[in-house]
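Each chain gets a letter, A, B and so on, in the order its sequence line appears, and its residues count up from 1. Atoms considered below: every heavy atom in the structure, side chains included; atoms not considered: hydrogens, waters and symmetry mates.
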Amino acid sequence: MADSLHLYDTLTQKLQPFTPQKAGRAGVYCCGPTTYDVAHVGHARAAITPDILVRTLRAHGLEVTFVRNVTDVDDKILKRAAESGEEPMALSARMAALYQEDMRALGCVAPDVEPRVSGHIPEIVALVEKLIAGGSAYVAEVAGGVRDVYYAVRSFDGYGKLSKRNVDDLRVGARVEASDEKRDPLDFALWKGCSGDAWGWDSPWGKGRPGWHIECSAMSSRYLGHGFDVHCGGMDLIFPHHENEIAQSEAAHPGEGNFAATWIHNGFVNVDKEKMAKSLGNFVTIRQTYDRNDPEALRWFLLGVHYRGPIGFDTEKREDGRVVFPGVQEAERRVDYLYTTLERLAVVAAGAEDGAPAPKELAATQKLAAEARAKVLAALDDDLNTPVALAVLQDLARAGNELADLAVKKRKDAYFLRGAGVVAAEVAGALRASCEPIGMLQTPPEEYAARTRTRRLGLLGLTAEAVEQKLVERTAARQAKDFARADALRKELDALGLEVADSPTGTTWRVGVV
RNA sequence: GGUGAGGUAGCCAAGUGGUUAGGCAAUGGUUUGCAAAACCAUCAUACGCGGGUUCGAAUCCCGUCCUCACCUCCA
């Protein structure tokens, strides 16, 4: 596989063939959340990108160690906790749990290791000591006997190589804070000292907290070693976060090569062409989308655009005041389509007979099914091109529906149905197998149908019983050939957002995407 | 100012030298007691603008306009 997967590497700014550092294995590190608030859609995108990468690597048979950290010690956490009177670690733990829940619902594979800063203070302290000993960092006295430790940016020759900046440019346009403690305005904190009663840990420099950046150097090294395969994160982390990680890690491992072999960075989620961000106040939380739409719809929505490009997230305010997310709604209809296709195929597949020959007119469909997973993997090999992967799935699903339509048309042709059933099973299997590398369709169809029905009925303020009652009435009217009455009832249900379908085998209903 | 990412048909979005995705919307059709869903067809000789290279350019080169992001916390 090593030569089929190509990833765009931020460091070299080129599409690079992926070659594992250790044969048969891959180490992936992803910058996880700082746990001071609930995650928004931008965080979902940042999580789903490494998810696709890890799935792709595993689909190729590599043994992947996926590390995603939790930054549970940070000034923002301290500030937020102080506002509400909550203990900082309690806030962190609460937000970390919500984050994990959000990502699990999104269908993201769980990290193999999910290290927290609070559990790795000794590793961080050791790394800072090493940097001081190597001349890359220095201790600075702050008022009141408190001591900080700073990284001396100019001591590292490669500084700026990831973000394509040079230190002098930075200096000119710098809005970097100069302070008395820093020898150079560009220097950044490795350890921030604090007084006795403040939130902190003991260290050789007195009580304090780790600076931002150092935790990722310490924890990635602990679990993946220096020079692991892929480091992921949002594009806004390139500078300064990842630049600083490189400086710290490479200074601590002189002569051991690059900190990470490949850097991939996902683009932003935009609202009105502007980056979704806490500071702009234009963010929508992941849970807000889950309230309205299925988590799998959000996944489909996010995969519809290549990870490096911007993706627009629209919100629309309806007359009744409710806010909807048109893009995610559209995605939910697509997800419905896929699950419905699986259900239809299952019906046809139930009529399969072992060894029955596949009908000639389904030869092209069989071919599509046989090739689908390989096509999805080929798309993912091309720098995780998920939009192309989705197109493959839709082509296959269309073929599946064509088959199901044909089976209805030929419902009296027992010979055809036995063979078509075999093909239907092939298509359904291919659909599932092709969805697996992108984490779609991982729920049994009936479970998906049940959970979306429940959610949508709730949004509409309806109960299944009320709907069923209307349908009983309508069925009676239809049997009495009172079509005027039947249509009136249909109209009524339709206005409520319900889709009623009459078929030879009876009437079914579903709630449309709301 | 420095650095980076983008501008593709009504909308979203793949495509990086020659047969080019996929989705949404719209219109027509198959099906249906009527519908919905599904399927078929059309919309699609589109690629910010101006030059150039080439037998041939959305794709390469030069110039130019516009948008966004990072340079401060940020996924």
Side-chain angles (χ1 to χ4, degrees), chain A residues 10 13 15 30-34 36 39-50 74-76 79 160 163-166 168-177 186 212 232-241 243 265-270 272-280 283 300-301 304-306 308-312 314 326-327 329-331 333-334 336-337 340-341 344 379 382 385-395 397-406 408-409 478 481-484 486-487 490-491 493-494 498-504 507-510 512:
Chain A
T10 306
Q13 299 177 284
L15 204 59
C30 163
C31 287
T34 298
Y36 70 104
H40 60 62
V41 177
H43 299 107
R45 192 173 197 207
I48 215 169
T49 303
D74 179 272
D75 285 357
K76 286 195 291 294
K79 182 166 177 275
S163 56
K164 319 302 168 201
R165 286 158 165 78
N166 71 62
D168 297 314
D169 280 348
L170 277 175
R171 193 142 211 198
V172 172
R175 280 179 279 175
V176 180
E177 239 179 283
L186 296 180
W212 185 40
C232 312
M235 276 175 176
D236 46 3
L237 294 185
I238 295 172
F239 190 90
H241 186 55
E243 197 67 63
H265 291 98
N266 62 275
F268 301 123
V269 174
N270 290 338
D272 294 330
K273 300 205 170 182
E274 277 187 320
K275 174 185 164 187
M276 180 183 287
K278 283 271 157 69
S279 52
L280 291 168
F283 62 91
W300 183 271
F301 170 78
V305 180
H306 180 83
R308 246 171 332 102
I311 183 169
D314 295 329
Q329 279 185 315
E330 185 184 321
R333 290 192 191 97
R334 294 283 89 204
D336 271 17
Y337 170 75
T340 307
T341 303
R344 297 187 72 200
D382 182 17
N385 195 332
T386 52
V388 168
L390 300 196
V392 173
L393 297 177
Q394 300 196 107
D395 281 342
R398 190 197 311 108
N401 279 300
E402 215 177 330
L403 190 168
D405 278 0
L406 202 57
V408 171
K409 232 174 251 167
R478 287 184 75 215
K481 303 267 184 223
D482 182 0
F483 291 124
D487 287 353
R490 171 196 284 290
K491 219 168 185 178
L493 290 162
D494 198 55
L498 299 157
E499 293 169 7
V500 178
D502 299 320
S503 81
T507 297
T508 57
W509 63 280
R510 60 185 291 282

Between [options], spot the one nearest the side chain of [X], thanks.
X	options	result
A:Arg398	B:C39, B:A75, B:A13	B:C39
A:Lys164	B:G22, B:G4, B:A75	B:G4
A:Glu499	B:A36, B:C39, B:C71	B:A36
A:Asp382	B:C39, B:G15, B:C24	B:G15
A:Pro387	B:C70, B:A75, B:A14	B:A14
A:Asp487	B:C34, B:C40, B:C70	B:C34
A:Phe268	B:G23, B:A37, B:A75	B:A75
A:Ala391	B:G4, B:G22, B:A35	B:G22
A:His306	B:A14, B:U3, B:G22	B:A14
A:Arg165	B:C39, B:C34, B:C70	B:C70

Please confirm whether the shortest side-chain N or O distance from [X] to OP1 or OP2 of [N] is below 4.0 Å.
X	N	answer
A:Tyr337	B:C39	yes
A:Arg490	B:C34	no
A:Lys491	B:A35	no

d(CE, A:Met235; P, B:U3) in whole Å: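 A:Met235 atom CE is separated from B:U3 atom P by 17 Å.
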
Give [X] one of three labels, base, sugar-phosphate or nothing, depending on what nucleic acid heavy atoms sit under 4.0 Å from its own.
X	value
A:Lys481	nothing
A:Gly42	base
A:Val269	base
A:Gly160	nothing
A:Asn401	sugar-phosphate
A:Leu237	sugar-phosphate
A:Phe483	base
A:Asp502	base
A:Arg478	base
A:Asp494	nothing
A:Val500	base

With [atom1] as the reference atom in both, quote the distance from [N] to [M] in angstrom, rounded to an integer.
N	M	atom1	answer
B:A13	B:A44	C1'	15 Å
B:U67	B:U31	C1'	47 Å
B:A25	B:G6	P	29 Å
B:U3	B:C39	P	50 Å
B:A41	B:G63	C1'	44 Å
B:A58	B:U19	P	10 Å
B:G56	B:G18	C1'	6 Å
B:C43	B:G22	P	14 Å

May I ask which nucleotide in the shown strands pairs with B:U27, Watson-Crick or G-U wobble, both distances under 3.5 Å?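 When the pairing criteria are applied, B:A41 turns out to be the nucleotide that pairs with B:U27.
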
Partner lookup for B:C55, please. Criteria are Watson-Crick or G-U wobble with both distances under 3.5 angstrom; report none if nothing qualifies.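 B:C55 is paired with B:G18.
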
Please determine which of A:Arg45, A:His40, A:His43 meets the side chain to side chain contact (heavy atoms under 4.5 Å, CB included) test together with A:Val269.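 Result: among A:Arg45, A:His40, A:His43, A:Arg45 is the only option passing the side chain to side chain contact (heavy atoms under 4.5 Å, CB included) with A:Val269.
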
A:Lys79 atom NZ: more than 12 heavy-atom contacts under 6.0 Å: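 It does not: A:Lys79 NZ has 12 such atoms or fewer within range.
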
Within the supplied structure, the quantity of interest is the number of heavy atoms (other residues, nucleotides, ligands) at a distance under 6.0 Å from A:Asp272 CG; does it exceed 12?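 Counting other residues, nucleotides and ligands, CG of A:Asp272 stays at 12 neighbours or fewer.
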
Answer yes when A:Arg398 and A:Asp395 have at least one side-chain N-carboxylate O distance shorter than 4.0 Å, and no when they do not.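 Looking at A:Arg398 and A:Asp395, the cut-off is met.
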
Upstream residue (5' side of RNA chain B) when A:Lys278 and A:Ser163 are each assigned their closest nucleotide: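 Result: A:Ser163.
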
